[in-house]
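Structure record follows, encoded as structure tokens.
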Amino acid sequence: NKPLHLGHLRNNFLGYSVARILEAAGHEVIKVQIINDRGIHICKSMVAWQKFGNGETPSSSGLKGDKLVGKYYVAFDRAYKEEAAELVTGGMTEEEAKKQAPILLEAQSLLHRWEQSDAEVVDLWKTMNGWVYDGFGKTYTEMGVDFDKLYYESDTYLLGKDQVAAGLESGVFFKKDDGSVWIELSDEGLDEKLLLRKDGTAVYMTQDIGTAILRYSDFPGLERQIYTVGNEQEYHFKVLFTILKKLGVEGAEKNHHLSYGMVELPEGKMKSREGTVVDADDLLEEMANTAREMATELGKIDDLSEEEKDVLFKQVGYGALKYFLLKVSPTKSMRFDPKASIDFIGNTAPFIQFNYVRAASMLAKCEEAGFNTSTESLDASVWDVDELRLIQQALMWPATVELAAAQYDPSLVANHTYDLTKAFSRWYQDHPVLGEENAAVRDARIALTQCVAHQIKTAMGLLGIDMPKRM
RNA sequence: GGUUCCGUAGCUCAACUGGAUAGAGCAUCUGCCUUCUAAGCAGACGGUUUUGGGUUCGAGUCCCAACGGAAUCACCA
């Protein structure tokens, strides 16, 4: 229920790209998204909307749905802090005040009523969730990310609770005096972990147990289940996987947490509450605008229609962003400077796109001139050292895909593509094609250009980056 | 404090999983557009791979320690 930010972009681009790479390596991939539509956080937005919203809706405010709901999440947090501070002034300890703030109690009560299927609460929940999905949907479309199946935690938490009940029966879990349910994982170095609150409501872990089990039964015979989630949740997934094993769930051994590093801003890490986040929608828009400015300045595409230009600016701007986020090893945290980070020259997607466009443009001219553009039966003896080096680079592609798939690492694909493009760009500089008089040499160069262009397009496709025809 | 991860050019990142002279981009400086798109190319500058030990024929990579940074250890998700 918080608007998508830069961290989500890294997450989604990474997950999407890994899926494409695994497919390229011959695996069948099912992309699923778990939607966290249940829990105390939703109730917080709901309470704040009830109290301060005055019936505001996306259409009445003109705000994107997820932004509107996010606004009330922030409003909740502000009110909550004020109330807690007042209680402290009234003589309560800070710890106690954080538990007793009236607005928090209201949110907890809403969660409880929601789990009891209280009609009024469920209605509001449906409405506000609808706004969020609507907003997220727009952003996902822009990102070029899609899923084969969506899981809603509101559908899976009950399954999780069943599992907790079963685990309690079999002695995997235990109940404390206040009625809360726990698992003891000290032997694994993971401490005690809560599975059900004392009021009987589910927590994050409960839902994830349910979701995991549902997926095993939905897709029997899964070779591997990969969770693309930030490294801040490493502990959570260690615990989850351990619990699933202890419950004896079939397939529990096949889980993998694809853990990626945080995106940090120059002033430190992003914090929604302090407003130091880079909003996904804003950033995407800014990227396309930068591409527009750049192209307008260069003036090479003035004859394109407005529609064609819009497509192009998104290809270039979004491509630059995707490449920027994917060229770094997933496990590493990365720094992002909104003003300086994203370049359109150097080791970037626009550089690669530019060279693809040059190749495509040149091939089109060869076509027009009636040259032999077939890649069959060419004379390989004419290649010089630069060309052999370029070919050598291109031949590393299959191994690169295999390694990237094995390690779930799109940065290997990005770096290979850059090296290939760099080699091509260098070669292009002093190896004319159209003006080459020796037909054998010319045909060999045409074939080479075709192969390189094709590989660039394929490789960038695995990163979710489109190649324009002109730029 | 426990656990996990990280430390490579001024900045952002590579380094084919232990191999030869540690490579790119940005930034700075110098050249190259009457020739297939200059969002390009060539060159210069920039390194005791945080530090100290160890293993090895060989270490940025593996082990130990120190220093520095991050994440996590919630009846948040």
Side-chain angles (χ1 to χ4, degrees), chain A residues 1-2 36 38-42 44 98-99 104 107-108 111 153 176 178-182 188-205 207-208 229-236 238-239 259 261-262 264 266 268-269 291 294-295 297-298 300-301 316 320 324 327-329 331-337 340-366 369 396 399-400 403 407 411-412 414-416 418-419 421-422 424-436 442 445-446 449 470-471:
Chain A
N1 66 329
K2 292 180 209 161
N36 186 242
R38 192 211 80 88
I40 190 78
H41 62 289
I42 298 277
K44 289 178 180 178
K98 280 187 175 169
K99 286 181 184 169
L104 179 67
Q108 284 169 346
L111 178 61
E153 291 192 332
K176 287 196 178 177
D178 63 4
S180 55
V181 178
W182 298 74
E188 282 85 356
L190 295 170
D191 216 336
E192 282 186 349
K193 195 75 192 171
L194 178 85
L195 294 157
L196 276 185
R197 295 191 184 95
K198 64 186 169 201
D199 66 1
T201 53
V203 290
Y204 183 39
M205 188 62 74
Q207 316 174 157
D208 262 6
V229 184
N231 63 13
E232 60 193 354
Q233 294 196 37
E234 266 168 21
Y235 176 75
H236 173 79
K238 269 185 200 164
V239 173
S259 169
M262 300 288 95
E264 289 164 15
K269 58 176 175 293
M294 197 115 177
E297 199 174 313
L298 292 169
K300 289 190 279 194
I301 48 127
V316 174
F324 178 84
K327 75 174 172 184
V328 179
S329 304
T331 52
K332 285 201 170 187
S333 61
M334 59 189 301
R335 191 147 313 171
F336 178 80
D337 182 343
S341 269
I342 301 209
D343 241 317
F344 286 67
I345 53 179
N347 184 358
T348 66
F351 167 79
I352 294 167
Q353 289 168 323
F354 171 69
N355 279 286
Y356 176 82
V357 165
R358 291 207 293 196
S361 168
M362 183 248 277
L363 289 168
K365 285 183 177 164
C366 290
M396 287 168 71
T400 302
L403 193 62
Q407 303 189 349
S411 76
L412 299 175
N415 288 325
H416 167 86
Y418 175 68
D419 289 341
T421 306
K422 181 84 182 156
F424 173 77
S425 184
R426 196 171 289 161
W427 170 83
Y428 176 92
Q429 201 69 19
D430 45 18
H431 290 75
V433 176
L434 282 169
E436 174 58 48
R442 187 193 64 214
R445 288 179 179 173
I446 291 171
T449 302
R470 292 183 45 194
M471 67 186 281

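Order of the sequence lines sets the chain letters (A, B, ...), proteins ahead of strands, with each chain counted from 1.
- Nucleotide G18(B) is matched to nothing when pairs are restricted to Watson-Crick or G-U wobble geometry with both distances under 3.5 angstrom.
- The local environment of CZ in Arg335(A) is sparse, with at most 12 non-hydrogen atoms from other residues, nucleotides or ligands closer than 6.0 Å.
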Step-by-step salt bridge (charged side-chain N to carboxylate O under 4.0 Å, His left out) determination, Glu192(A) to Lys176(A): CA-CA 12 Å; Glu192(A) 282 186 349; Lys176(A) 287 196 178 177; 3.2 Å; yes
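- The gap from the P atom of G53(B) to that of G10(B) amounts to 23 Å, rounded to the nearest Å.
- OP1 or OP2 of U12(B) lies within a sub-4.0 Å distance of a side-chain N or O belonging to Arg335(A).
- Per the geometry, CD belonging to Glu188(A) stands 22 Å off P belonging to U72(B), to the nearest Å.
- The same atom, C1', is picked in A22(B) and in U8(B); the two are 8 Å apart, to the nearest Å.
- Look at the C1' atom in both A27(B) and C11(B): the space between them is 8 Å, to the nearest Å.
- The two atoms that bring Lys99(A) and Leu104(A) nearest to each other are O-CD2, 4.1 Å, heavy atoms only.
- Which of G25(B), C41(B), U37(B) sits closest to the side chain of Ser361(A) comes down to U37(B).
- Counting only N and O atoms by type, the side chains of Ser180(A) and Trp182(A) include a donor and acceptor under 3.5 Å apart.
- At the heavy-atom level, Phe351(A) lies under 4.0 Å from the strands shown only through sugar-phosphate atoms.
- The 5' end of RNA chain B is approached more closely, in terms of each residue's nearest nucleotide, by Phe324(A) than by the other of Val433(A) and Phe324(A).
- Counting only heavy atoms from C-beta on, Asn415(A) has its side chain closest to A14(B) among C75(B), A14(B), A39(B).
- Lys300(A) comes within 4.0 angstrom of a nucleotide base, judged by non-hydrogen atoms across all strands.
- Taking only side-chain nitrogens and oxygens, Thr331(A) never comes nearer than 4.0 Å to OP1 or OP2 of C6(B).
- Put simply, the side chain of Thr201(A) never gets that close to the backbone of Arg197(A): no donor and acceptor are under 3.5 Å apart.
- A gap of 30 Å separates the P atoms of G2(B) and U49(B), to the nearest Å.
- The shortest distance between the side-chain N/O atoms of Arg470(A) and the OP1/OP2 oxygens of U37(B) is not below 4.0 Å.
- The partner of G1(B) is C73(B), judged by Watson-Crick or G-U wobble contacts that both fall below 3.5 Å.
- Here the separation of G23(B) from G60(B), taken at their C1' atoms, is 12 Å to the nearest Å.
- Not one side-chain nitrogen or oxygen of Lys44(A) sits closer than 4.0 Å to the OP1 or OP2 atom of A77(B).
- Between A77(B), U37(B), C26(B), one nucleotide has an atom nearer to the side chain of His236(A) than all others, and that is A77(B).
- When both pairing distances are held under 3.5 Å, A59(B) makes no Watson-Crick or G-U pair with any nucleotide shown.
- Considering only side-chain N and O atoms, Arg442(A) lies nowhere under 4.0 angstrom from the phosphate OP1 or OP2 of C36(B).
- Taking 4.0 angstrom as the limit, Lys422(A) places a side-chain polar atom (N or O) nearer than this to OP1 or OP2 of G25(B).
- Comparing A77(B), A39(B), U3(B) against the side chain of Lys238(A) picks out U3(B) as the nearest.
- Taking 4.0 angstrom as the limit, Arg197(A) places a side-chain polar atom (N or O) nearer than this to OP1 or OP2 of C76(B).
- Projected onto RNA chain B by closest heavy-atom contact, Met471(A) and Met205(A) fall at different nucleotides, the more 5' of which corresponds to Met471(A).
- Dashed line: the shortest gap from a side-chain N or O of Ser333(A) to OP1 or OP2 of A70(B) is not under 4.0 Å.
- Distance from the side chain of Asn347(A) is smallest to G25(B) among G25(B), A39(B), C75(B).
- Close to A14(B), at under 4.0 Å from its OP1 or OP2, lies a side-chain N or O of Lys332(A).
- When the nucleotides A14(B), U4(B), C75(B) are ranked by their closest atom to the side chain of Ser180(A), C75(B) comes out on top.
- Side-chain nitrogen and oxygen atoms of Ser425(A) include at least one within less than 4.0 Å of the OP1 or OP2 phosphate oxygen of C41(B).
- Of the C1' atoms belonging to C6(B) and U61(B), the separation is 14 Å, rounded to the nearest Å.
- Taking atom P on both nucleotides, C5(B) is separated from G43(B) by 41 Å, rounded to a whole Å.
- When the nucleotides C36(B), G40(B), C75(B) are ranked by their closest atom to the side chain of Ile345(A), G40(B) comes out on top.
- In this structure, the CZ atom of Phe424(A) is 15 Å from the C1' atom of A39(B), given to the nearest Å.
- Nearest heavy atoms, Gly230(A) versus Ser259(A): C-OG, 4.3 Å.
- A gap of 14 Å separates the P atoms of A39(B) and C26(B), to the nearest Å.
- Using N1 to N3 plus N6-O4 or O6-N4 for Watson-Crick, or N1-O2 and O6-N3 for G-U wobble, each under 3.5 Å, G47(B) pairs with nothing.
- For C33(B), the base is syn relative to its sugar; the glycosidic angle is within 90° of 0.
- For G25(B), the paired base is C11(B) (Watson-Crick or G-U wobble, both distances below 3.5 Å).
- Partner assigned to G31(B) is C41(B), using Watson-Crick or G-U wobble distances below 3.5 angstrom.
- Residues Met334(A) and Val328(A) share a closest heavy-atom pair of CE-CG2, 3.8 Å.
- Listed nucleotides: A77(B), A14(B), G25(B). Nearest to the side chain of Asn36(A): A77(B).
- Interatomic distance, Phe351(A) CZ to Asn347(A) CG, rounded to the nearest 0.5 Å: 8.5 Å.
- When distances run from any side-chain atom of Val328(A) to the nucleotides A39(B), A14(B), A15(B), the shortest one goes to A14(B).
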